[in-house]
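Have a look at the structure below before the remarks.
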Amino acid sequence: MRRKLAAGNWKMNGTQAALAELATLAARPAAGCDVLICPPATLLSRAADAAGTAIALGGQDCHAATSGAHTGDISAAMLADAGASHVITGHSERRSDHGESDAMVKAKSEAAMAAGLTVVLCLGEDLDQREAGTTLAVIGAQLAGSLPAGATGDTLVVAYEPVWAIGTGLTPTLDQIAEVHAFLRAELTGHLGAPAADIRLLYGGSVKPSNAAEIFAVDDVDGALVGGASLKAADFGAIIDALDAA
Ligand code: PGA
């Protein structure tokens, strides 16, 4: 049985004033699902104090190397040292802003696993690819190119995030989400065998309190990766409640 996961990605948002939102979330009654917040790296240590044990913390990216001359970068071990148990890899904003290839995402993901972090690996098609009918081919290639070796349900979460749905208010139809998640489950099984059954599949892209319940009812959706609606405890709390009820 896969435990459901509500994951928030604050992106480049939040100074220490935002920790009040985290404290509000932490004060909610215990959720039946796992809750993860990925704040900016600058807030991780202080977030660990605010989050207590109810909320897991993650980084939003890591370097593939363990240490060295990489100005401005952060290693997976540094994230773990600051209180993170997870890290997002392959987010489309990293792929587009920083030219990250599938091979780089795979190397980062393997470095994260080696440092004891659980990887939240993001995949998704852009609008041109969706309209050209190549969504599954694109996602299959991204998965094949970026899947960390030896991944299990304890070390890997996969997030399907259509690029055109991120921050736009647009979402795929429920049938489109179901199609991609079933495809991802089958592809993961092809790559990893039986352990694939334990890997959680999140949907991400304009998840909000008003659409969360219907998305969580889709087969093989084990939770969500939430950007904008994770910044406010009231909104993210409502999404957690919808996941608990699913
Ligand atoms: P959004 O972002 O919820 O603001 O669309 C999702 C994400 O990028 O993870």
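For ligands, and for the atoms within them, numbers begin at 1 and follow the listed sequence. In what follows, every heavy atom counts, from backbone to side chain, and hydrogens, waters and symmetry copies are set aside.
In this structure, Ser146 and Ser109 approach most closely via the heavy-atom pair O-OG, 4.3 Å. Among all heavy-atom pairs drawn from Ala47 and Pro39, the shortest one is CB-CG, 4.2 Å. Nearest heavy-atom pair, Phe236 versus Ala7, reported as atom, atom and distance to 0.1 Å: CZ-C, 3.7 Å. Shown here for Leu184 and Leu143, the closest heavy-atom pair between the two residues is CD2-CD2, 4.2 Å.
Checked options Lys11, Lys108, Arg95; the residue passing with Asp61 is Lys108 (criterion: salt bridge (Lys or Arg N to Asp or Glu O under 4.0 Å)).
The aromatic rings of His181 and Tyr160 sit perpendicular, their planes meeting at an angle over 60°, well past the 30° parallel limit.
Closer than 4.0 angstrom to ligand 1 lie heavy atoms from Asn9, Lys11, His91, Glu161, Ala165, Ile166, Gly167, Gly205, Ser206, Leu225, Val226, Gly227, Gly228.
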